[in-house]
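Notes follow once the structure below has been shown.
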Amino acid sequence: MLSCQLGLAQFTFPKLPPQTDKIENIIPKNWKLIDSAKGDLNNDQQVDLVLILEYQTPITETRAYGNQEIELIREFQKPRMMAIYFKNRQNNKYKLALQNQDFILRSEEGGKLGDPLKDIRIDNNKLTLSFEGGGDWRWKLNYGFQFQGKNWILVNANNIYYNKDSGDMIDKQYDFIDRKITTVIGSIFKRNISNYSSEDILVFTQPRTFDDLKKPWTWEVTQDNYL
């Protein structure tokens, strides 16, 4: 289990209950629910549950930026974690399918725009997580994950970088199923009108999951292009 420094002591993320029939039983002491989504994630026609939880007190965390192996930055902020529970058809209870302490950006990681966590939703058995941040130059990140076998596979993503005043924009759209990347250059104010679009083959060795993607901005998909 991941631990962080809290003063001179070690902060340890709590272990969430493996099974429960009530959402309130999932939330540990000193944590709060800040966002949630419901929908079918494993194609069994049951309403599954995604929760985003935040600790009540800031601590010192070591977070990855850029290359997740060497570019580490210590931040003083409130830890977050994501929990995914599958609804069990037989007993009508929720069963823990994923607990992740790394991927959800913290409230201080959005720059001048504030909290970067913008949306979580479930559509067509896919979980989409959306983040946004920056200042005069802003970024939007969207990640789509599907449960395949026993893993949460990143199936699509896009990274939009734009200027809030001029509208100058680069939008990179990643399709990890068909292995292609679409790049749109132009203005965020004139989408699909005068923008230039190009498509290339997306080369990568294996699909990324919540376990190895770690957090936004740590995977160099192509040279100098990070997700």
Side-chain angles (χ1 to χ4, degrees), residues 2 35 37 41 50 52 61-73 75 77 80-82 84 98 100-111 113-135 137-148 151-163 168-186 188 191 195-227:
L2 181 64
D35 209 345
L41 283 168
V50 181
I52 306 297
E61 287 190 295
T62 300
R63 300 279 283 165
Y65 288 84
N67 186 315
Q68 66 187 35
E69 301 296 332
I70 60 174
E71 295 181 33
L72 302 178
I73 298 178
E75 300 279 8
Q77 55 198 1
R80 289 177 170 179
M81 59 180 172
M82 177 174 60
I84 300 178
L98 177 74
N100 182 284
Q101 288 91 223
D102 298 314
F103 194 79
I104 301 301
L105 290 177
R106 295 4 180 185
S107 62
E108 304 300 314
E109 294 179 332
L113 285 185
D115 193 337
L117 179 61
K118 297 305 177 184
D119 187 40
I120 61 171
R121 63 186 183 275
I122 299 171
D123 295 300
N124 299 317
N125 308 125
K126 182 172 69 174
L127 170 63
T128 300
L129 300 165
S130 299
F131 305 96
E132 184 175 358
W137 281 94
R138 299 179 178 180
W139 48 265
K140 294 183 179 183
L141 291 170
N142 300 290
Y143 299 85
F145 289 89
Q146 284 187 329
F147 187 69
Q148 300 179 7
N151 291 316
W152 293 92
I153 304 297
L154 181 66
V155 294
N156 69 282
N158 82 301
N159 180 355
I160 303 174
Y161 188 58
Y162 70 99
N163 186 281
D168 291 347
M169 173 202 71
I170 298 178
D171 180 4
K172 292 185 179 294
Q173 304 166 9
Y174 300 89
D175 183 338
F176 298 105
I177 301 300
D178 292 333
R179 291 179 175 259
K180 64 180 181 180
I181 176 174
T182 302
T183 302
V184 181
I185 299 175
I188 198 168
R191 303 295 296 271
N195 294 340
Y196 169 76
S197 179
S198 63
E199 186 174 295
D200 294 299
I201 297 174
L202 184 57
V203 179
F204 59 96
T205 55
Q206 61 184 8
R208 291 297 179 108
T209 69
F210 277 122
D211 289 335
D212 54 32
L213 187 56
K214 297 300 181 184
K215 65 176 287 290
W217 299 121
T218 57
W219 181 21
E220 190 177 15
V221 187
T222 59
Q223 187 174 2
D224 298 325
N225 291 313
Y226 285 86
L227 273 177

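All values derive from a computational prediction rather than experimental measurement.
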Which value, rounded to the nearest 0.5 Å, describes the distance between [X] atom [atom1] and [Y] atom [atom2]?
X      : Y      : atom1 : atom2 : value
Arg208 : Phe176 : CZ    : CZ    : 9.0 Å
Glu199 : Asp175 : CD    : CG    : 8.5 Å
Arg138 : Met169 : CZ    : CE    : 15.5 Å
Leu202 : Ile181 : CG    : CD1   : 6.0 Å
Thr183 : Asn159 : OG1   : CG    : 10.5 Å
Ser198 : Ile185 : OG    : CD1   : 6.5 Å

Check whether any side-chain heavy atom of [X] sits under 4.5 Å from a side-chain heavy atom of [Y], and report yes or no.
X      : Y      : result
Ile122 : Leu41  : yes
Met82  : Leu98  : yes
Tyr143 : Leu154 : yes
Thr128 : Ile120 : no
Gln77  : Glu61  : yes
Gln146 : Ile153 : no
Tyr174 : Asn225 : yes
Phe147 : Leu127 : no

Considering non-hydrogen atoms only, spot the tightest contact between [X] and [Y] and give its length.
X      : Y      : value
Phe131 : Lys118 : C-CG, 4.2 Å
Gly134 : Trp139 : N-NE1, 3.5 Å
Ser107 : Pro116 : O-CD, 3.9 Å
Gln101 : Arg63  : O-NH1, 4.3 Å

(message) Applying side chain to side chain donor-acceptor pair (under 3.5 Å) to Asp171 and Gln173, what does each step give before you reach the verdict?
(response) CA-CA 6 Å; Asp171 180 4; Gln173 304 166 9; 3.0 Å; yes
(request) Indicate, with yes or no, if the rings of Phe103 and Phe145 have centres closer together than 6.0 Å. (result) yes
(request) Compute the ring centroids of Trp217 and Tyr226, then answer whether they are less than 6.0 Å apart. (result) no
Verify, without hydrogens or angle tests, whether [X] (side chain) and [Y] (backbone) share a donor-acceptor contact under 3.5 angstrom.
X      : Y      : result
Asn100 : Asp102 : yes
Thr182 : Lys172 : no
Arg179 : Ile177 : no
Asp212 : Thr209 : yes

(request) May I ask you to decide whether Arg80 forms a salt bridge with Asp115, counting only side-chain N to carboxylate O separations under 4.0 Å? (result)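 Yes, Arg80 and Asp115 are salt-bridged.
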(message) Do the side chains of Arg121 and Asp123 get close enough for a salt bridge, i.e. N-O under 4.0 angstrom?
(response)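 A salt bridge is present here (some side-chain N lies under 4.0 Å from a carboxylate O).
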(message) Among Asn142, Asn158, Asp119, which residue satisfies the side-chain hydrogen bond (donor to acceptor under 3.5 Å, both in side chains) criterion with Ser130?
(response) Asn142
(request) Evaluate the criterion side-chain contact (heavy atoms from CB on, under 4.5 Å) for residue pair Leu227 and Leu141; output intermediate values, then yes/no. (result) CA-CA 8 Å; Leu227 273 177; Leu141 291 170; 4.3 Å; yes
